[in-house]
There are 2 protein chains.
Amino acid sequence: MTIEMTGMLEPRSGWSADRCSMARTLAVVHTRSAFLILREAFYGATRFEEFAARTGVSEPVTAARLRKLVQEGILAREPYREPGQRTRDRYRMTDKGAELLPVLVALMRWGDRWEQSAGAPVELHHRGCGGRVGVELRCEHGHSVAGDELALVPGAPPPRPPVPHLG
Amino acid sequence: MTIEMTGMLEPRSGWSADRCSMARTLAVVHTRSAFLILREAFYGATRFEEFAARTGVSEPVTAARLRKLVQEGILAREPYREPGQRTRDRYRMTDKGAELLPVLVALMRWGDRWEQSAGAPVELHHRGCGGRVGVELRCEHGHSVAGDELALVPGAPPPRPPVPHLG
DNA sequence: CGGCATCCTTAGGGATACTG
DNA sequence: CAGTATCCCTAAGGATGCCG
């Protein structure tokens, strides 16, 4: 199963490692600990200790990941205070972070299918309808798209240094 | 945006790091180089040099990743011979590997949206219909599912060591 | 509670050179 | 063409201990 290429797509012109969107996403989150922390954020964790305890990631690494994710705008750090308590910090998912959900669900579903002989340890269901939730390729016209129905086409041209022109 | 939990989901009982499907997937592929090589496999690369050249990954690392991906059953190494040429090796995507496509597309789409100020460098289109392709959460009944419509429920019970019973 | 500093080990990955 | 061997550097991550 390979993706058909249309148009002129010479290697390393617009889909090379430095412009590739997938590579850029991986530059932002690519460590195991980052994904685990994001998972816990989706599961509702907000406090440092929740992240560390529930992921099993050590505190120094948890601190480093949280800092990076805040830098990248995926989590937002905000102080809060419960009545009668001192001020604490909490990490909340931003919109940018929330949009990583399909990535996590896709990873989860693949693991369910190929790395869980005994079945999925947890499942995501559609509230109300109750159906199990997965991730699907879909085009903007609403069609479900199989892998071999994909065509790869050039998008935005690579940014060029402005050419000084005479006159 | 957090996922509502239903049923009893005490921490570290069924969704802890060791049983988590996402963590298991990441144990199989979590390096930048592995994702780039998979991308090229989807784009049609089959030969060692194609992977190395088109990803920009060094040969030693390319060799190590290909070996790992073959071990994991994501790529299959097979000899082939073009007429009049010597035997060569080629790496072909397996079904297990092909099912990673939604993961890669999800990563790509997020990068398009959040890390590409000038727009997507390449786009995936639905052949025939021509619509742009993205990835969507969807339940088994065909409903499109928003992030806040998700419920997390316990799945298969954790495997237990068999209890020796008397009599 | 929410971290940071330090130390250590292992893994990822590039450069270069070499082999079948 | 398809790798392997070697060397070296950096990043990931755990353990421990300390701080406001």
Side-chain angles (χ1 to χ4, degrees), chain A residues 11-12 16-18 20 22-23 26-41 45-72 75-92, chain B residues 11-12 16-18 20 22-23 26-41 45-72 75-92:
Chain A
R12 317 195 63 73
S16 61
D18 56 334
C20 171
M22 199 187 71
L26 291 174
V28 175
V29 275
H30 66 286
T31 61
R32 188 186 130 85
S33 54
F35 279 107
L36 295 178
I37 284 172
L38 284 175
R39 180 194 68 186
E40 291 308 323
T46 60
R47 298 199 330 280
F48 179 88
E49 205 215 342
E50 287 179 312
F51 288 112
R54 286 158 61 163
T55 58
V57 170
S58 67
E59 278 132 350
V61 172
T62 300
R65 283 311 145 261
L66 287 173
R67 204 180 319 124
K68 176 91 185 300
L69 290 170
V70 168
Q71 263 176 29
E72 298 288 355
L75 297 179
R77 180 182 192 155
E78 53 188 31
Y80 75 105
R81 181 195 299 258
E82 289 177 2
Q85 301 282 68
R86 68 177 174 87
T87 302
R88 298 174 192 280
D89 281 334
R90 145 167 74 187
Y91 300 87
R92 202 179 37 72
Chain B
R12 317 196 63 73
S16 61
D18 55 334
C20 170
M22 200 187 72
L26 291 174
V28 175
V29 274
H30 66 286
T31 60
R32 188 185 131 85
S33 54
F35 279 107
L36 295 179
I37 283 172
L38 285 174
R39 181 195 67 186
E40 290 308 323
T46 60
R47 297 196 333 276
F48 180 87
E49 204 216 345
E50 287 180 312
F51 288 112
R54 286 157 62 165
T55 57
V57 170
S58 68
E59 279 130 348
V61 172
T62 300
R65 282 312 145 259
L66 287 173
R67 204 180 316 124
K68 176 93 185 298
L69 291 170
V70 168
Q71 265 176 28
E72 299 288 355
L75 297 179
R77 180 182 192 154
E78 54 188 30
Y80 75 105
R81 180 196 300 261
E82 289 178 1
Q85 302 282 69
R86 69 178 174 84
T87 303
R88 299 173 192 279
D89 281 333
R90 143 168 76 189
Y91 299 86
R92 201 181 37 73

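Just so we're on the same page: letters track the sequence lines, and every chain starts at 1.
- Considering only residues two or more places apart in sequence or on other chains, A:A64 meets the side chain to side chain contact (heavy atoms under 4.5 Å, CB included) condition with none of them.
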Under 3.5 Å between N/O atoms: give me all the protein pairs with nucleotides 13-20 of chain C, atom names plus distance.
unit_1: C:dG13; atom_1: OP2; unit_2: B:S33; atom_2: OG; d: 2.6
unit_1: C:dG13; atom_1: OP2; unit_2: B:R65; atom_2: NH2; d: 3.4
unit_1: C:dG14; atom_1: OP2; unit_2: B:S58; atom_2: N; d: 3.2
unit_1: C:dG14; atom_1: OP2; unit_2: B:S58; atom_2: OG; d: 3.3

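- Residues B:R92 and B:T46 bring no donor and acceptor atom of their side chains to less than 3.5 Å of each other.
- Among D:dA12, C:dC4, D:dC1, the nucleotide with an atom closest to any side-chain atom of B:R88 is D:dC1.
- Here C:dC4 presents its C1' atom at 16 Å from CD of A:E49, a figure rounded to the nearest Å.
- Rounded to a whole Å, the CG atom of A:L36 is 9 Å from the P atom of D:dG14.
- For the pair A:F51 CZ and C:dC1 P, the computed distance is 15 Å after rounding to whole Å.
- Cation-pi contact between B:R90 and B:Y80: present, with separation from the ring centre below 6.0 Å and deviation from the ring axis of at most 45°.
- Of all non-hydrogen atoms in A:L36 and B:A23, the two that sit nearest each other are CD2-CB, 4.1 Å.
- If you measure from atom CG of A:L26 to atom P of D:dA12, you get 13 Å, rounded to the nearest angstrom.
- Rounded to an integer number of Å, the gap from A:H30 NE2 to D:dA12 C1' is 8 Å.
- For the pair A:R90 CZ and C:dC1 P, the computed distance is 16 Å after rounding to whole Å.
- Nearest heavy-atom pair, B:R47 versus B:D89, reported as atom, atom and distance to 0.1 Å: CG-O, 4.4 Å.
- Here C:dG3 presents its C1' atom at 16 Å from CG of A:L75, a figure rounded to the nearest Å.
- The separation between A:R77 atom CZ and C:dG3 atom C1' is 8 Å, rounded to whole Å.
- B:Y91 comes within 4.0 angstrom of sugar-phosphate atoms only, judged by non-hydrogen atoms across all strands, and of no base.
- Of the possible polar contacts, none joining the A:E72 side chain to the A:L69 backbone as a donor-acceptor pair under 3.5 Å is found.
- Nucleic acid contact class of B:R67 (heavy atoms, under 4.0 Å, all strands): sugar-phosphate only.
- Considering only heavy atoms from C-beta on, A:F51 stays 4.5 Å or farther from A:V57 through its side chain.
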